[in-house]
Amino acid sequence: MWGTVTRNVKCAPSGVLNLYRTTIRSGCSGSGKTWVRPSGFDTGLKTFNSLTKQKEPLILAREGTATWYSCGPTVYDHAHLGHACSYVRFDILQRILSRLFGVTVIHAMVITDIDDKIIRRSWEENVSASVISRMYEEEFKKDMLSLKVIPPAVYLRVTDNVPHIIAFVEKIIRNGHAYATNEGDVYFDVQSIGDRYGKFGGAVGSQGEPASSDKRDSRDFALWKRSKAQEPYWESPWGPGRPGWHIECSTIASCVFGGQLDVHSGGMDLAFPHHENEIAQSEAFHQCQQWANYFLHSGHLHLSGSAEKMSKSLKNYVSIKDFLLSYSADEFRMFCLLSKYRSAIDYSDSSMTEARSALETIRTFMEAAQAYMKGQLLCSPVQEAFLWERLTEAKSGVLRALSDDFDTPRAVSVLMNLVYHGNCQLQPVTTTAAVVRSPAVFGAMTSYITHILDVFGIDLLLRKESEVLSSSGSLQAVVEQLTRFRTEVRAFALTRQDDSNTGSPSKAGLHPDRVPLLRACDALRHELAPLGVLIKDRGATSTWEIKSNQRGQKVQEGRHRQEAEVLSDGLDDLK
């Protein structure tokens with residue numbers, strides 16, 4: 001506990017000694033590595049806390065509010081899918097907290113805009129480091145918006161907070177937990193905190209930074225780096241220099257949230273040394289036992305078949321912009337949802353096909369349910385009570401899954417099961433005889449599915465893409481009239497002969513001379529699909545949809561071929 005390290009207490013000024021005594025009296029005592037369960041507002045969730053390596057109840061300091069800090073990008077190059085995976089996963093977690101559990105998330109993120117990599121890139125490009133960092137910062141923000149990641153409440157740049165960082169380092173020195181060298185570097189004194197260092201397992205026996213003859217301990221890490229030739233620098237009490245990597249996050253998080261933080265998130269590779277060092281210097285500054293109550297770490301993204309994470313240095317990355325040429329933001333979100341946020345995840349064409357297929361299955365059901373509610377899809381009487389029961393089960397199942405460490409794969413599985421049961425009830429029939437209909441239950445099902453997908457950041461509302469083309473109102477009217485005419489022709493062609501005309505008392509067949517009309521109806525449907533006009537035959541009726549982009553057209557053509565086999569033209573099913 002703070003105050004038991006004799007070497008530091010002796011060299012601390014009287015004000016710091018009083019702070020130690022106050023800290024101990026306030027209950028900030030105990031073993032340095034023992035996690036203390038917070039007191040406050042219980043959210044009803046459990047989440048895996050990297051500090052304890054097990055699931056813990058998520059308890060917040062303030063009712064209905066979570067303070068959340070995350071490590072942002074080092075802006076020296078384009079962001080790639082490895083970055084996107086972590087940010088999208090934590091965006092989903094924050095959406096779940098706010099939309100399902102009523103917790104307002106106050107999220108702050110740092111932008112590392114001064115760093116060795118940025119400086120090297122500026123030399124290569126022969127421009128200032130600030131030009132490099134601003135350019136890639138803006139690209140990062142645009143990439144996040146393209147993936148529908150909700151921006152944090154505030155982005156903070158390191159270079160805008162250097163005076164705060166200097167003051168932060170000065171206080172750590174005054175508290176007896178850092179030292180300056182004659183050359184102008186400042187190091188954190190790991191020995192000064194005893195067994196408090198090493199809260200993440202990877203820290204044991206590790207050396208976070210290259211050894212230096214100026215260090216007291218090989219584990220000591222830089223809080224302030226003296227300037228070198230041609231490097232950007234700021235004036236400080238120790239001479240010109242710039243902040244170390246870890247100190248920026250502790251300072252900025254403390255400037256926003258003070259001495260207590262609910263949740264800290266980042267990639268799994270940041271646990272050590274970055275987050276380990278953040279904890280050490282933050283608790284040394286605030287003189288408390290537990291600065292951040294929960295650390296959440298996301299798993300790495302791997303290219304399929306590779307044991308290495310996706311990274312710039314390994315040249316095994318896919319840029320976000322290149323990815324979005326082939327897939328949508330919704331498809332990437334579904335890809336992330338199909339694995340736990342803590343798990344490593346393999347990226348490949350097959351895994352993206354799985355995500356796309358899941359979305360298309362949901363989309364197809366939603367469209368069929370809409371057609372049924374409008375009276376455009378004729379079905380046998382549905383088992384309404386059964387569907388209401390499945391909906392109730394789905395609601396409780398999704399909530400249980402997401403309250404258990406944000407288990408999105410299980411939640412998606414529950415949704416897909418609900419979709420399956422709904423699809424089983426929406427079997428088209430060709431008879432126009434009056435049947436009992438149950439549109440309300442399908443309205444409830446589609447509303448709930450839409451709500452949960454919206455929580456995840458996925459928008460599959462059945463808005464016609466033709467609505468986007470608001471200037472093409474005449475096109476919609478033409479398609480509507482064309483579909484109506486085709487439906488009338490198709491209904492005429494599907495009219496069966498009387499038994500007396502077929503010569504068979506057991507089977508009433510189609511009029512042979514009308515079969516070409518059915519073929520012409522199918523040919524028209526096929527020929528319009530590549531043009532973005534999708535006509536679906538639903539038993540005796542038909543619906544239409546306009547697709548406005550090439551990616552959507554290609555997907556819909558594939559769907560069309562499958563539906564042609566199931567719903568088809570009547571030639572196979574009605575013979």
Side-chain angles (χ1 to χ4, degrees), residues 41-48 58 60 64-66 68 70 84-107 144-153 262-263 265 294 296 298 328-343 345 354-356 358-363 365-367 369-370 390-420 422 442-463:
F41 174 71
D42 192 336
T43 61
L45 293 95
K46 286 189 175 182
T47 189
F48 187 90
L58 182 57
L60 308 175
T65 302
W68 188 309
S70 64
C85 187
S86 181
Y87 292 121
V88 168
R89 282 171 151 181
F90 285 124
D91 177 73
I92 291 171
L93 266 56
Q94 291 176 356
R95 288 170 179 265
I96 291 169
L97 266 179
S98 61
R99 296 293 303 278
L100 285 185
F101 294 91
V103 174
T104 299
V105 178
I106 306 174
H107 179 202
M144 292 300 101
L145 289 175
S146 70
L147 293 172
K148 302 198 288 188
V149 174
I150 297 174
D262 290 320
V263 180
S265 64
Y294 301 88
L296 276 56
S298 60
S328 69
D330 285 342
E331 288 166 346
F332 187 71
R333 283 181 168 266
M334 179 57 75
F335 166 74
C336 293
L337 288 164
L338 292 176
S339 65
K340 294 185 178 180
Y341 76 94
R342 292 190 288 116
S343 304
I345 183 171
E354 180 185 2
R356 174 176 283 177
L359 285 177
E360 284 304 309
T361 298
I362 297 172
R363 189 193 305 272
F365 165 71
M366 300 281 274
E367 292 172 350
Q370 282 284 331
R390 299 293 78 74
L391 178 57
T392 300
E393 290 176 357
K395 289 181 177 181
S396 60
V398 167
L399 201 61
R400 279 196 307 271
L402 297 179
S403 63
D404 182 14
D405 194 29
F406 306 97
D407 193 342
T408 57
R410 183 149 56 102
V412 171
S413 178
V414 172
L415 275 189
M416 298 305 290
N417 189 54
L418 179 63
V419 168
Y420 166 77
F442 286 100
M445 292 170 69
T446 56
S447 295
Y448 176 69
I449 292 170
T450 298
H451 168 60
I452 295 300
L453 292 177
D454 183 61
V455 168
F456 294 152
I458 294 175
D459 180 14
L460 286 188
L461 290 174
L462 293 180
R463 62 190 188 282

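The analysis underlying the following values was restricted to heavy atoms, covering all of them including side chains, and did not include hydrogens, waters or symmetry mates.
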Peer 1: Taking the side chain as every heavy atom from C-beta outward, state whether P151 and L145 have any pair of such atoms under 4.5 Å apart.
Peer 2: yes
Peer 1: Can you confirm whether I345 sits close enough to F335 that some side-chain heavy atom of one is under 4.5 Å from a side-chain heavy atom of the other?
Peer 2: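 Answer yes - side chains close enough.
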Peer 1: Does S413 reach the main-chain N or O of P409 with its side chain, forming a donor-acceptor pair under 3.5 Å?
Peer 2: no
Peer 1: Checking side-chain contact (heavy atoms from CB on, under 4.5 Å) for the pair R390/M445: CA distance, chi angles, key distance, verdict?
Peer 2: CA-CA 9 Å; R390 299 293 78 74; M445 292 170 69; over 6 Å; no
Peer 1: Could you go through L60 and T65, starting from their C-alpha distance and side-chain angles, then the distance that decides it, and tell me whether this counts as side-chain contact (heavy atoms from CB on, under 4.5 Å)?
Peer 2: CA-CA 7 Å; L60 308 175; T65 302; 5.9 Å; no
Peer 1: Let me confirm one number: the CG-CZ distance from L402 to R410, rounded to the nearest 0.5 Å.
Peer 2: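 Going from the CG atom of L402 to the CZ atom of R410 covers 8.5 Å.
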Peer 1: What heavy-atom pair brings I92 and C336 nearest, and what distance separates the two atoms?
Peer 2: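 Closest heavy-atom pair between I92 and C336: CD1-CB, 4.5 Å.
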Peer 1: To the nearest 0.5 angstrom, please state how far the NE2 atom of H451 sits from the CG atom of L100.
Peer 2: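 Answer rounded to 0.5 Å: 5.0 Å.
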Peer 1: Which residue is it: L97, D262, L58? I am looking for the one with a side-chain contact (heavy atoms from CB on, under 4.5 Å) to V103.
Peer 2: L97
Peer 1: Nearest 0.5 Å, what's the CD-CZ distance between Q94 and F406?
Peer 2: 9.5 Å
Peer 1: Roughly how far apart are R356 CZ and R363 CZ, rounded to 0.5 Å?
Peer 2: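 If I round to the nearest 0.5 Å, the distance is 10.0 Å.
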Peer 1: Grab the two heavy atoms, one from F48 and one from L296, that are nearest each other, plus how far apart they are.
Peer 2: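 Reported closest heavy-atom pair: O-CD1, 4.1 Å.
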Peer 1: Quick check: closest heavy atoms across M334 and A358, and the distance to 0.1 Å?
Peer 2: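 Looks like CG-CB, 4.2 Å.
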Peer 1: Could you give the distance from CD1 (I452) to CG (L399), rounded to the nearest 0.5 Å?
Peer 2: 8.0 Å
Peer 1: Give the intermediate values and the outcome of side-chain contact (heavy atoms from CB on, under 4.5 Å) for residues L337 and F456.
Peer 2: CA-CA 8 Å; L337 288 164; F456 294 152; 3.7 Å; yes
Peer 1: For the residue pair S298 and S86, what are the closest heavy atoms and their distance?
Peer 2: OG-OG, 2.9 Å
Peer 1: Is R89 reaching over with its side chain to a backbone N or O of K340, donor-acceptor style, under 3.5 angstrom?
Peer 2: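 Confirmed, R89 side chain pairs with K340 backbone.
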Peer 1: Could you point out which residue of D459, D91, D330 forms a salt bridge (charged side-chain N to carboxylate O under 4.0 Å, His left out) with K148?
Peer 2: D330
Peer 1: Counting C-beta onward and ignoring hydrogens, is there a side-chain heavy-atom pair between I362 and M416 closer than 4.5 Å?
Peer 2: yes
Peer 1: Kindly give the heavy-atom pair with the smallest separation between E393 and S396, and that separation in Å.
Peer 2: O-OG, 3.0 Å
Peer 1: So that I can tick it off, tell me whether D407 and R400 are bridged by a salt bridge, with the cut-off set at under 4.0 angstrom between side-chain N and carboxylate O.
Peer 2: no
Peer 1: Is there a side-chain contact (heavy atoms from CB on, under 4.5 Å) between E354 and L338? Walk through the geometry before answering.
Peer 2: CA-CA 9 Å; E354 180 185 2; L338 292 176; 4.1 Å; yes
Peer 1: Roughly how far, to the nearest 0.5 Å, is CG of L93 from CG of D405?
Peer 2: 7.5 Å
Peer 1: For the residue pair L391 and A444, what are the closest heavy atoms and their distance?
Peer 2: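 Scanning both residues completely, I find the closest heavy atoms to be CD2-CB, 3.6 Å.
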Peer 1: Please answer whether the main-chain N or O of I458 pairs with a side-chain N or O of R333 as donor and acceptor at a distance below 3.5 Å.
Peer 2: no
Peer 1: Classify the ring geometry between H107 and W68 as parallel (under 30°), tilted (30 to 60°) or perpendicular (over 60°).
Peer 2: perpendicular
